[in-house]
Amino acid sequence: MYDYLIVGSGFFGSIFAREATDRRKKCLVIDKRDHVGGNAYSYKDSGIDIHKYGPHIFHTNNKFLWDYVNRFDNFIPYFNQGKVIYNNKLYSFPINLSTFNQLWGVTTPQEAKQTIEQKRINISNPQNLEEYVLSVVGQEVYEIFIRGYTKKQWGREPRDLPISIIKRIPIRYNFRDFSTNDIYSGVPENGYNALFNNILSNIDVELNVDYFNNKNYWNSIAKKIVYTGCIDQFFDYEYGVLEYRSIKFEQEKHYIDDYQGNAIVNYSNEEIPYTRICEHKHFLPHRQTNGITIISKEFSQEWKKGIEPYYPINDDKNNIIFKKYQEKSTKYKNLLFGGRLGEYKYYDMHQVVASSLHLSKKELT
Ligand code: UDP
């Protein structure tokens with residue numbers, strides 16, 4: 001008999017298992033995939049660490065969280081500096097003074113602010129992503145950087161999306177072009193696979209098992225269950241199916257040193273079918289893998305049953321449905337939910353780690 005059955009071996013489940021095990025609880029982690037780590041998983045090909053489910057850069061402002069993940073592998077500092085290609089022209093991204101210089105030739109924060117002030121549209125109480133962006137930067141910047149990318153990424157009009165999605169992206173009137181404002185940012189030196197193997201060391205793990213194929217059995221072997229999958233599936237879609245976005249990846253191996261000169265390049269034209277290209281070797285630039293590189297093109301698609309969910313769609317419609325599931329979930333004292341899918345939240349990795357540690361503390365002390 002286990003104290004905890006943990007369904008899903010991503011950050012939430014693996015860290016809960018670690019914390020519980022360290023407090024002498026007996027845990028079993030199960031995962032339907034053939035590897036641990038959830039969507040953060042990476043593996044080696046030709047000496048390059050491949051982020052199988054899209055680029056994962058761990059970043060946080062919280063020293064405790066940074067030190068916590070560094071217990072399991074040494075994180076090599078990596079600060080993403082994005083690029084956007086629109087109409088074959090390359091821009092610095094997130095929008096910063098270099099971007100304004102590329103757009104309009106301005107060179108100082110004052111000039112950039114003056115230009116933006118002329119271009120922004122007065123919308124006093126923006127109600128959606130489109131209105132918000134227009135009110136902050138105006139039509140031209142919206143068109144070049146946001147409209148096409150967002151439409152492809154979410155399969156919805158930006159006017160039908162919540163503002164919270166775009167608030168992830170800073171706008172800066174200086175030359176700082178890091179994707180995040182966080183002070184710690186990096187990737188595990190030995191890859192996420194090694195990181196997760198270390199988090200889960202001495203913990204029972206069963207791969208290639210789907211909880212839903214034998215729910216009664218799995219429920220019978222543990223006192224409590226920590227479930228990190230889609231919460232709507234857990235309750236058999238009783239209140240309706242939550243919407244998610246999924247991604248299809250097309251991977252290419254090229255026999256050249258460098259394909260695009262950067263880890264991530266976004267393509268914001270609506271007619272280009274992929275959203276971005278990730279060139280994995282750039283996350284660990286100190287590694288020499290000359291003569292070969294691997295890239296992944298990302299094609300965003302609507303999730304349907306049977307394919308992997310990646311992004312919750314936190315609009316009002318879905319949030320109302322989620323609240324019902326959440327309320328229901330609190331009625332079961334032996335059931336705990338967490339993670340991007342369990343909490344239906346567009347979490348970054350550090351937020352998942354924080355959420356898992358929070359639950360661990362509440363549950364285990
Ligand atoms: N976004 C955009 N243009 C870009 C990059 C991002 O319009 O070149 C918008 C888009 O709506 C996206 C959101 O900003 O979903 C958040 O982007 P981020 O890069 O944080 O997304 P993630 O890495 O989580 O896919």
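Worth knowing before you read on, the calculation uses all heavy atoms, side chains too, and leaves out hydrogens, waters and symmetry mates. All ligand and atom numbering here is 1-based and tracks the order in the structure.
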**Student:** Would you mind listing the cluster partners of Tyr267? Hydrophobic ones only (ILVMFWY), side-chain contacts under 4.5 Å, chaining allowed.
**Tutor:** Ile85, Leu90, Ile256, Tyr259, Val265, Ile272, Tyr274, Ile277, Ile295, Phe299

**Student:** Going by an N to O cut-off under 4.0 Å, is there a salt bridge joining Arg23 and Glu19?
**Tutor:** yes

**Student:** Looking at Glu140 and Arg120, is there a salt bridge between them, counting it only when a charged N and a carboxylate O are closer than 4.0 Å?
**Tutor:** no

**Student:** According to side chain to side chain donor-acceptor pair (under 3.5 Å), who are the partners of Tyr149, at least two apart in sequence or on a separate chain?
**Tutor:** none

**Student:** Using a threshold of 4.0 angstrom between heavy atoms of the protein and any atom of ligand 1, which residues qualify?
**Tutor:** Val84, Phe93, Phe145, Ile146, Tyr149, Thr150, Gln153, Trp154, Ile165, Ile166, Arg168, Ile169, Asn266, Arg276, Tyr311, Tyr346

**Student:** Which ILVMFWY residues can you reach from Met1 by hopping between side chains whose heavy atoms are under 4.5 Å apart?
**Tutor:** none

**Student:** Name the orientation class of the two ring planes belonging to Tyr41 and His35 (parallel below 30°, tilted from 30 to 60°, perpendicular beyond 60°).
**Tutor:** parallel

